[in-house]
Amino acid sequence: MPETILLVDDETSVRRLVRRILQMNGYTVLEASGGMDAIQICQRHEGPIHLLVTDVLMPGMNGQDLAERMTALRPHTRVLYMSGCIDSALITLSDRKTEIAFIQKPFAPDALARKVREILDTSR
């Protein structure tokens, strides 16, 4: 059974590209355009969500707030942050007490696939 990934990015073109990369690598992908949409999907989805892949900087709810809310609902979900604004993203994520998984946009499809697999294969 393929692993399920919740992909959250407010940019449609980025979301479509990342979805295609993930699907080509055998993952089931749930898509959300923002934090509140992602929370609703998380609440409605009956199966496991193995990984949250989220942009850090989004209007409304940023990626860190989304990850905190989502992992409160689903403690076993891992998180991969992505951002094209490295300085702003690191400032936003700097107060995290645990190690974070991060990939900088733009990224090559194989780099994303490797990072996702690495996170999913790492035990908590």
Side-chain angles (χ1 to χ4, degrees):
M1 184 134 155
E3 289 145 314
T4 300
I5 297 174
L6 176 54
L7 168 62
V8 187
D9 197 302
D10 58 307
E11 292 186 42
T12 304
S13 59
V14 172
R15 207 170 56 247
R16 285 182 183 153
L17 175 62
V18 174
R19 180 190 68 219
R20 269 197 307 271
I21 293 167
L22 295 171
Q23 287 174 332
M24 285 174 32
N25 282 276
Y27 301 108
T28 298
V29 181
L30 308 172
E31 258 185 272
S33 60
M36 290 309 298
D37 188 25
I39 295 296
Q40 290 174 353
I41 290 169
C42 178
Q43 291 170 332
R44 285 192 312 257
H45 184 72
E46 293 184 17
I49 297 176
H50 299 92
L51 179 65
L52 167 66
V53 176
T54 182
D55 193 8
V56 176
L57 304 173
M58 297 182 291
M61 184 186 307
N62 70 34
Q64 181 178 5
D65 292 341
L66 169 60
E68 288 172 3
R69 289 185 63 182
M70 181 149 165
T71 55
L73 294 169
R74 294 175 178 259
H76 298 291
T77 299
R78 294 185 176 102
V79 180
L80 171 60
Y81 295 99
M82 56 184 179
S83 182
C85 306
I86 187 76
D87 292 341
S88 298
L90 292 179
I91 289 167
T92 301
L93 297 171
S94 65
D95 63 345
R96 298 267 321 197
K97 307 229 180 338
T98 58
E99 190 174 319
I100 61 162
F102 179 83
I103 190 166
Q104 185 174 354
K105 297 179 198 173
F107 41 75
D110 61 328
L112 176 63
R114 275 194 310 274
K115 188 72 169 180
V116 166
R117 189 73 260 151
E118 172 187 310
I119 295 165
L120 290 171
D121 288 345
T122 302
S123 62
R124 279 201 160 203

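It should be emphasised that the depicted structure is a prediction, and the values quoted were computed from it without experimental measurement.
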Does a side-chain N-to-carboxylate-O contact under 4.0 Å join [X] and [Y]?
| X | Y | result |
| --- | --- | --- |
| Glu3 | Arg78 | no |
| Arg19 | Asp9 | no |
| Arg15 | Asp55 | no |

Report the distance from atom [atom1] of [X] to atom [atom2] of [Y], rounding to the nearest 0.5 Å.
| X | Y | atom1 | atom2 | result |
| --- | --- | --- | --- | --- |
| Asn25 | Asp110 | CG | CG | 9.5 Å |
| Arg74 | Leu6 | CZ | CG | 9.0 Å |
| Leu7 | Ile41 | CG | CD1 | 9.5 Å |
| Leu57 | Asp10 | CG | CG | 9.0 Å |
| Met1 | His50 | CE | NE2 | 7.5 Å |
| Asp37 | Leu30 | CG | CG | 10.5 Å |

May I ask you to test the [X]-[Y] pair for a side-chain heavy-atom distance under 4.5 Å?
| X | Y | value |
| --- | --- | --- |
| Phe107 | Met82 | yes |
| Asp65 | Asn62 | yes |
| Thr4 | His45 | yes |
| Leu112 | Val18 | yes |

Please name the pair of heavy atoms, one in [X] and one in [Y], separated by the smallest distance, quoted to 0.1 Å.
| X | Y | answer |
| --- | --- | --- |
| Phe102 | Val56 | CE1-CG2, 4.2 Å |
| Ile49 | Cys42 | CD1-CA, 4.0 Å |
| Ala101 | Ile119 | CB-CD1, 3.5 Å |
| Arg117 | Tyr27 | NH1-OH, 3.0 Å |
| Val8 | Ala38 | CG2-CB, 3.6 Å |

As a quick check of understanding, evaluate side chain to side chain contact (heavy atoms under 4.5 Å, CB included) for Arg69 and Met36, giving each step before the final call.
CA-CA 10 Å; Arg69 289 185 63 182; Met36 290 309 298; 3.8 Å; yes
Derivation of the side chain to side chain contact (heavy atoms under 4.5 Å, CB included) call for Ile100 and Val79:
CA-CA 8 Å; Ile100 61 162; Val79 180; over 6 Å; no
Answer yes or no: are there more than 12 heavy-atom neighbours, outside Arg16 itself, under 6.0 Å from its atom CZ?
no
Please confirm whether the backbone N or O of Leu52 pairs with a side-chain atom of Thr77, one donor and one acceptor, at under 3.5 Å?
no
Passes side chain to side chain contact (heavy atoms under 4.5 Å, CB included), Leu80 versus Thr54? Steps please.
CA-CA 6 Å; Leu80 171 60; Thr54 182; over 6 Å; no
Could you walk me through whether Glu11 and Met58 pass the side chain to side chain contact (heavy atoms under 4.5 Å, CB included) test, one step at a time?
CA-CA 9 Å; Glu11 292 186 42; Met58 297 182 291; over 6 Å; no
